[in-house]
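Note sheet for the following structure.
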Protein chains: 2
Amino acid sequence: MKNSANKPADLSAQIAASIRDAIIAGELIVDARLPSEAELAEQFNVSRPTVREALKRLAAQALIRTQRGATGGAFVNHLTYPDAYAQQITTSTLLLSMNEVSIVTACEARFALERACTQLSAQRRSPDHLATMRAEIFRQSQPGLSDEAFCASDIAFHRALVDGAQNPVMSYQLAGAVEAMQPLMNMITFTARSRERIVALHSQIADALEARDATQADAALSTLEAYTMSLADDVMASR
Amino acid sequence: MKNSANKPADLSAQIAASIRDAIIAGELIVDARLPSEAELAEQFNVSRPTVREALKRLAAQALIRTQRGATGGAFVNHLTYPDAYAQQITTSTLLLSMNEVSIVTACEARFALERACTQLSAQRRSPDHLATMRAEIFRQSQPGLSDEAFCASDIAFHRALVDGAQNPVMSYQLAGAVEAMQPLMNMITFTARSRERIVALHSQIADALEARDATQADAALSTLEAYTMSLADDVMASR
DNA sequence: GGAATATCAATTGTCAGACATATAAAACTC
DNA sequence: GAGTTTTATATGTCTGACAATTGATATTCC
């Protein structure tokens, strides 16, 4: 009951799917070179532009990379965390902006997932993570800071909190949840007083992590969640 | 210090990025029709094949859809949750298989995130979610079940658990973490005895959620995590 | 007049062939 | 032997064309 049945996909989509499946199935390992475009065209019995469209589809998903020149070609890409982050963030951002996800739902998800990191972060955070958090807190308390810069710093703070768990898979998962909310957070204008409150809560969290006190960090995070939501409610109500 | 600086990207990549930014910035709203390929080619001062490659890149990310015919063209796509799931799972699966993520790291992330859902799921799960979980538990206890089918049912169980939180953003985020682990989980062969134990823990979780007891569900999930990891250790050690 | 049908026009999908450009290896020069 | 030039191979891009799809329009028939 999928597209595969009711609508024959484009040739380029079919070819892309075929190659993608081979990669996922492990038939093509990382850094393996695909046949040249001309060879692929012959294999699939299509023209070179069609093959190229298929390869561009895969390149858009960071599944392959291409290289020009004599020893060039298309290679199975080693999917790096930054690549995956970037895709994750793009997708999450669009999902949030296109599906009328309420601020409440997004906040709830974000903080719930973030709390999942707290336990581990309290155990494992390095001095480096703490230093990053303190630095962002300092930046956030500067009076002249623009709203955009404040939000960006807020995100950097939470990234450090998440990274403190020292689990790259969790960092990757959270990147989407945290960063995708930036557009929503930017809609909430922070008054001087609410910034003060947020900074105070950030400090509480950093203190708790420094003391390796997961329970207290959790509590501060919950308070922050409730406060963020109340700010969001105010903004929604005033319109 | 990115590719944008040291390597001028392909024209098709530049054009794709340009259109993508316009979509993300909200300049192109959902279902808006993009100019025809010929018009885009003229606007960007490139040939049609180049424009087409750019559009295929966007189509691969489900950002646009194309339609043939007189009133056809490329339209900004409404990114649905299933679309986002699919991308999320593909990316996560590749990330796990290509980055030598240890089973320990992946398990840790998965269960930590899943525990984040438990609290909400205990409050909000519907009878429907419970029924799904019970049905999967029953299937898992059937003796003749293949390893693949057991793993698939395991995933379905955990999906129901996550969906019970009634937060689509969390469901989306968790889809990647849970399903991407299928290949890893398939590597662990389950003996009759370990299946029994897993089913018992699943039942405990279902019971706890039925009783809306988040603490007990949490505990059972933690036990399941520890048991899964010990099984993984056994498999690793025996090779 | 209204409905079924035929035609048309716009747009994407595909193709063939060509040239430009990048790049590493081979051949050449000193 | 080191440096330079050539060459082969691959991707990147362009031109031009035709096929297929599909909504809109005109036409025909009752």
Side-chain angles (χ1 to χ4, degrees), chain A residues 3-20 22-23 28 30-78, chain B residues 3-20 22-23 28 30-78:
Chain A
N3 277 1
S4 50
N6 53 18
K7 285 267 178 172
D10 295 346
L11 284 178
S12 67
Q14 290 176 36
I15 294 168
S18 168
I19 298 174
R20 176 165 45 239
I23 294 175
L28 293 166
V30 170
D31 289 335
R33 183 179 170 283
L34 272 64
S36 71
E37 294 174 355
E39 288 169 327
L40 286 172
E42 201 176 351
Q43 277 183 34
F44 287 104
N45 223 354
V46 297
S47 68
R48 224 191 106 201
T50 303
V51 167
R52 281 183 62 79
E53 286 178 9
L55 294 179
K56 294 311 163 202
R57 295 177 114 108
L58 299 176
Q61 295 175 299
L63 281 165
I64 62 169
R65 63 178 186 282
T66 56
Q67 204 174 350
R68 283 167 72 161
T71 57
F75 299 84
V76 178
N77 204 13
H78 178 90
Chain B
N3 278 2
S4 49
N6 52 18
K7 286 266 177 176
D10 295 346
L11 284 176
S12 66
Q14 289 177 37
I15 294 168
S18 169
I19 297 174
R20 178 164 45 239
I23 294 175
L28 292 166
V30 171
D31 290 335
R33 183 179 171 281
L34 272 63
S36 72
E37 294 175 355
E39 286 169 327
L40 286 172
E42 201 176 352
Q43 278 182 34
F44 287 103
N45 222 355
V46 297
S47 68
R48 224 190 105 201
T50 304
V51 167
R52 281 183 61 78
E53 286 178 9
L55 294 179
K56 294 312 163 200
R57 295 177 113 108
L58 299 176
Q61 296 174 297
L63 280 165
I64 62 168
R65 63 180 186 280
T66 56
Q67 205 176 348
R68 281 167 71 160
T71 57
F75 298 84
V76 178
N77 206 11
H78 178 90

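Quick note on labels: first sequence line is chain A, next is B, and so on, each numbered from 1.
- Taking CZ from A/R20 and CD1 from A/I64, the interatomic distance works out to 10.5 Å, rounded to the nearest 0.5 Å.
- Following rounding to the nearest Å, B/L55 (CG) and C/dT12 (P) show an atom-to-atom distance of 8 Å.
- Residue B/E53 contributes atom CD, which lies 14 Å from atom C1' of C/dC15 at whole-angstrom precision.
- In this structure, the separation between OG on B/S18 and CD on B/Q43 is 9.0 Å, given to the nearest 0.5 Å.
- If you check residues 39-47 of chain A against DNA chain D, you find no residue with a heavy atom closer than 4.0 Å.
- Listed for the B/R33 side chain is a donor-acceptor partner under 3.5 Å among the backbone atoms of B/G72.
- B/T50 contributes atom OG1, which lies 12.0 Å from atom CG of B/L40 (distance to the nearest 0.5 angstrom).
- OP1 and OP2 of D/dT11 both lie 4.0 Å or more from every side-chain N or O belonging to A/R52.
- Across the protein-nucleic acid pair, A/D10 atom CG and C/dT11 atom C1' stand 13 Å apart, rounded to whole Å.
- Distance check, rounded to the nearest 0.5 Å: NZ of B/K56 to CD of A/E53 gives 5.5 Å.
- Between the C1' atom of C/dT12 and the CG atom of B/L58 lies a distance of 16 Å, rounded to the nearest Å.
- Partner of A/L58 under the side-chain contact (heavy atoms from CB on, under 4.5 Å) criterion, out of A/N77, A/L63, A/V76: A/L63 alone.
- The base of C/dG17 is not paired with the side chain of A/R48 by any donor and acceptor separated by under 3.5 Å.
- Listed by residue number, the members of residues 63-78 of chain A with any heavy atom below 4.0 angstrom from DNA chain C are A/R68, A/G69, A/A70, A/T71.
- Side-chain atoms of B/R65 do not come within 3.5 Å of backbone N or O of B/A59 as any donor-acceptor pair.
- Listed pair B/T50 / D/dG12 fails the phosphate criterion, with no side-chain N or O lying under 4.0 Å from OP1 or OP2.
- Rounded to whole Å, the distance from CD on B/E37 to C1' on D/dA19 is 14 Å.
- Distance check: A/I19 CD1 to A/L55 CG gives 5.5 Å after rounding to the nearest 0.5 Å.
- Interatomic distance, A/I23 CD1 to A/Q61 CD, rounded to the nearest 0.5 Å: 9.5 Å.
- C/dA10 atom P lies 12 Å from atom CZ of B/R33, rounded to whole Å.
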